[in-house]
Amino acid sequence: MGNKLTNSEVAMKQTPLYQAHVDAGARMVEFAGYEMPVQYPMGVKKEHLWVRENAGLFDVSHMGQVILSGENVKAELESILPVDVQGLAENTQRYGFFTNANGGIQDDLMFANWGDRIFMVVNAACKDQDIPYMQTKLATSKVEPITDRALLALQGPKAREVAGRMLPALATMTFMQTAVVEWNGCELWVSCSGYTGEDGYEISVPADQAEAFAASLLAQEEVEWIGLGARDSLRLEAGLCLYGHDLDETTSPVEGSLTWAIQKVRRQGGEREGGFVGADVILGQFAEGVSRKRVGFVVDGKAPVREGVEIVTADGEVVGNVTSGGFAPSLERPIVMGYVQSAYLDTALFASLRGKLIPLESAKLPFVPARFYRG
């Protein structure tokens, strides 16, 4: 390869923490157009287990940060989100998704009620379509992309202790609460949430303070950098979806087993029933059911079963497919999530792997119980 860069390498973006990752010995890969750390010298498995036992620090600055404002912003947002925006308590956040006319999911996201504003975090690979979409759909509201901030996630059973030393206000935050706090003269936007199933925080920090803030966290013995490899295995154990894999524009929230995220107020008979894009399809699926569902399985044996593998019956009939799969370090065995035809959910199923049928044992999601702090 030498020193010659390909067009894709030249075009790759870098987060404000790029140099910190290189200095920490990270192996960098392309992800959603960014040069991101996939692992550090510790290795993916040890990084994964570190988060389950201590506190891991993730750079998620590639995600899209957006502020929405305007007198009617909450009502307008409900026209494109099938969730309860107007009833969300101030200084709390909620999971949501944009849906299309066919009931499919265009992106999933987190949004927080900051009183007169909404703070939203969208997926990196979707942000270039999400922002113009909101600017078009939210007719009287302002949609402001935030491009001068980094985003860090601190996750693990010791995250609260670590955060509390630096920022005492964070020690008493409960799951899905948000706060604005000051550190070293700059404003941090904090939510008590994450993508691992562990207690922890996501922290938006001004880009020019990101390295200093990360260094302060890493100076504490409980904290290590964690890359995308362990982030993926952690979120899979937590039964959480990866957009573009477990969710896409052809998959509805009902098929994706995300009905818990559509509050009663937006469902049939609710105070603000429907009124969102694809409502007829989605509310119809609530009433009539769906032909396929996202489910979890533990794999018999040690062979990892990856995305794209077919799920079949004992006689080889294809009834589903794997959308996320890999080895679960916490369980010491492979696990998968995928979609299976509803009629076969109580049937003995197998992964068809290179001509072999690997037994799949149905598992309730999440595979590893969540440890969110709820007070």
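Position 1 is the first residue of the sequence; numbering continues from there.
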Colleague: If you compare all heavy atoms of Val162 against all heavy atoms of Leu217, which two are closest, and at what distance to 0.1 Å?
Modeller: CG1-CD2, 4.0 Å

Colleague: Going by side-chain heavy atoms closer than 4.5 Å, which hydrophobic residues are tied to Tyr18, directly or by a chain of links?
Modeller: Val22, Met28

Colleague: After noting the C-alpha distance and the side-chain angles of Phe297 and Val340, does the key distance pass the side-chain contact (heavy atoms from CB on, under 4.5 Å) rule?
Modeller: CA-CA 11 Å; Phe297 296 99; Val340 172; 3.9 Å; yes

Colleague: Look at the aromatic rings of Tyr40 and Trp225 and report parallel, tilted or perpendicular, splitting at 30° and 60°.
Modeller: parallel

Colleague: Apart from Val281 itself, which Ile, Leu, Val, Met, Phe, Trp or Tyr residues share its cluster (side-chain heavy atoms under 4.5 Å, direct or through members)?
Modeller: none

Colleague: Hey, are Lys74 and Glu78 close enough for a salt bridge, meaning a charged N less than 4.0 Å from a carboxylate O?
Modeller: no

Colleague: Apply the test side-chain contact (heavy atoms from CB on, under 4.5 Å) to residues Leu258 and Leu247: give CA-CA distance (whole Å), side-chain angles for both, the deciding distance (0.1 Å), then the verdict.
Modeller: CA-CA 10 Å; Leu258 298 175; Leu247 303 175; 3.8 Å; yes

Colleague: Would Asp300 and Glu361 count as a side-chain contact (heavy atoms from CB on, under 4.5 Å) if you check the C-alpha gap in whole Å, the side-chain angles of each, and the deciding distance to 0.1 Å?
Modeller: CA-CA 7 Å; Asp300 186 24; Glu361 178 189 336; over 6 Å; no

Colleague: Check the pair Tyr195 / Leu242 against side-chain contact (heavy atoms from CB on, under 4.5 Å), numbers first and verdict last.
Modeller: CA-CA 10 Å; Tyr195 196 49; Leu242 177 61; 3.8 Å; yes

Colleague: State which residue, out of Trp114, Tyr201, Trp183, fulfils the ring pair (Phe, Tyr, Trp, His ring centres under 6.0 Å) condition with Trp189.
Modeller: Trp114

Colleague: Check the orientation of Phe98 and Tyr133. Use parallel for under 30°, tilted for 30 to 60°, and perpendicular for over 60°.
Modeller: perpendicular

Colleague: Would you please classify the geometry between the His62 ring and the Tyr34 ring as parallel, tilted or perpendicular, with 30° and 60° separating the classes?
Modeller: perpendicular

Colleague: Going by the side-chain hydrogen bond (donor to acceptor under 3.5 Å, both in side chains) test, name the single residue among Arg371, Arg160, Gln155, Arg374 that passes it with Asp199.
Modeller: Arg160

Colleague: Could you tell me whether the side chains of Ser324 and Arg235 share a donor-acceptor contact shorter than 3.5 Å?
Modeller: yes

Colleague: So, Arg149 and Ser204: side-chain donor and acceptor under 3.5 Å apart, yes or no?
Modeller: yes

Colleague: Measuring from Thr140:OG1 to Glu76:CD, what's the distance to the nearest 0.5 Å?
Modeller: 3.5 Å

Colleague: Check this for me, if you would: do Arg117 and Glu144 make a salt bridge, where the nitrogen-to-carboxylate-oxygen distance has to be below 4.0 angstrom?
Modeller: no

Colleague: Could you tell me whether a side-chain N or O of Arg292 sits under 3.5 Å from a main-chain N or O of Tyr339, the two making a donor and an acceptor?
Modeller: no

Colleague: With a 4.0 Å cut-off, would you call Asp107 and Lys127 a salt bridge?
Modeller: no

Colleague: Using a strict threshold of under 4.0 Å (side-chain N to carboxylate O), is an ion pair present between Arg52 and Glu237?
Modeller: yes

Colleague: Rounded to the nearest 0.5 Å, what separation is found between the OG1 atom of Thr174 and the CE atom of Met176?
Modeller: 11.0 Å

